[in-house]
Amino acid sequence: MSRVQLALNVSNIDAAVDFYAKLFGTQPTKRRPGYANFAITEPPLKLVLMENLATAGTLNHLGVEVESTEQVTQASDRLKQADLAVTAEDQTTCCYALQDKVWIQDPDGADWEVYVVLEDSDTFGASRTATSQVCCS
């Protein structure tokens, strides 16, 4: 199952988790200091919350979670054929998960990722660029 991902910067992770748990009627599937993610069944959504006081209330990034590395590769090939600039990251640790992914930007600069989670990680990992807080799943 593919699903859209929405990653938000929040000022208070506990308050945000409480709000979104009530909104979607479910608890986070992963919770770490300053981080939570929800795998929501209805509507199909991966909601990622990252505590970030400097940019609270803003979009961090968007994504599409897929089921396999093959699907990431297929998306990458399709995006390249559509003349979009694609940045690939294989076996990268990000947001407490080992992932394969590709990144693109929309015309206004919003970051999108197509990714698969390969396994959980005990560490948050690193951002894709030194200037970006983008990372997650």
Measuring from Arg3:CZ to Ile40:CD1, what's the distance to the nearest 0.5 Å? 9.0 Å

Just list the side-chain donor-acceptor pairs under 3.5 Å for residues 72-84, sequence neighbours left out, or say none.
unit_1	atom_1	unit_2	atom_2	d
Thr73	OG1	Thr69	O	3.1
Gln74	NE2	Glu70	OE2	3.2

Closest non-hydrogen atoms of Trp112 and Gly63, given as atom of the first, atom of the second and distance, are CE3-N, 3.7 Å

Taking all non-hydrogen atoms of both residues, which atom of Val17 and which atom of Pro28 are closest, and how far apart? CG1-CG, 3.7 Å

Should Glu89 and Cys94 count as side-chain neighbours, where that means a heavy-atom distance under 4.5 Å? no

Any residue meeting side-chain contact (heavy atoms from CB on, under 4.5 Å) with Asp120, in chain and number order, not counting sequence neighbours: Lys30

Could you please spell out the steps behind the side chain to side chain contact (heavy atoms under 4.5 Å, CB included) verdict for Gln71 and Val116? CA-CA 8 Å; Gln71 289 175 304; Val116 61; over 6 Å; no

Beyond-backbone contact of Tyr115 with Glu65, side-chain heavy atoms, under 4.5 angstrom: yes

What distance separates Gln5 CD from Cys95 SG, expressed to the nearest 0.5 Å? 7.5 Å

Within a strict 4.5 Å, meaning less than it, do heavy atoms of the Tyr35 and Tyr96 side chains meet? yes

A side-chain contact here means heavy atoms from C-beta on lying under 4.5 Å apart; do Val48 and Asn60 qualify? no

The reported gap from NE2 in His61 to CG in Asn9 (rounded to nearest 0.5 angstrom) is 10.0 Å

Using side chain to side chain contact (heavy atoms under 4.5 Å, CB included), reason through Leu62 and Leu6 one step at a time and then give a plain yes or no. CA-CA 5 Å; Leu62 301 155; Leu6 173 62; 3.7 Å; yes

Does Tyr20 reach the side chain of Leu8, with side-chain heavy atoms less than 4.5 Å apart? yes

At their closest point, which heavy atom of Asp111 faces which heavy atom of Gln105, and how far apart are they? OD1-NE2, 3.1 Å

For a 4.5 angstrom cut-off between non-hydrogen side-chain atoms, does Gln91 reach Leu118? yes

Hey, are the side chains of Leu49 and Ile13 touching, using non-hydrogen atoms and a 4.5 Å cut-off? yes

Taking all heavy atoms of Val64 and all of Ser2, pick out the closest pair and write down the distance. CG1-CB, 4.5 Å

Around atom CG of Asp106, are there more than 12 heavy atoms from other residues, nucleotides or ligands closer than 6.0 Å? yes

Can Asp14 and Arg31 be counted as an ion pair, charged N to O under 4.0 angstrom? yes

Of all the heavy-atom pairs spanning Val66 and Val114, show the shortest one and how long it is. CG1-CG1, 4.1 Å

Are Val4 and Val102 joined in one hydrophobic group, where the rule is that I, L, V, M, F, W and Y side chains link up if heavy atoms are under 4.5 Å apart? no

Might you point out which heavy atoms bring Met50 and Ala7 nearest each other, and give the distance in Å? CE-CB, 4.0 Å

Could you tell me if the side chain of Phe38 sits less than 4.5 Å from the side chain of Leu45, heavy atoms only? no

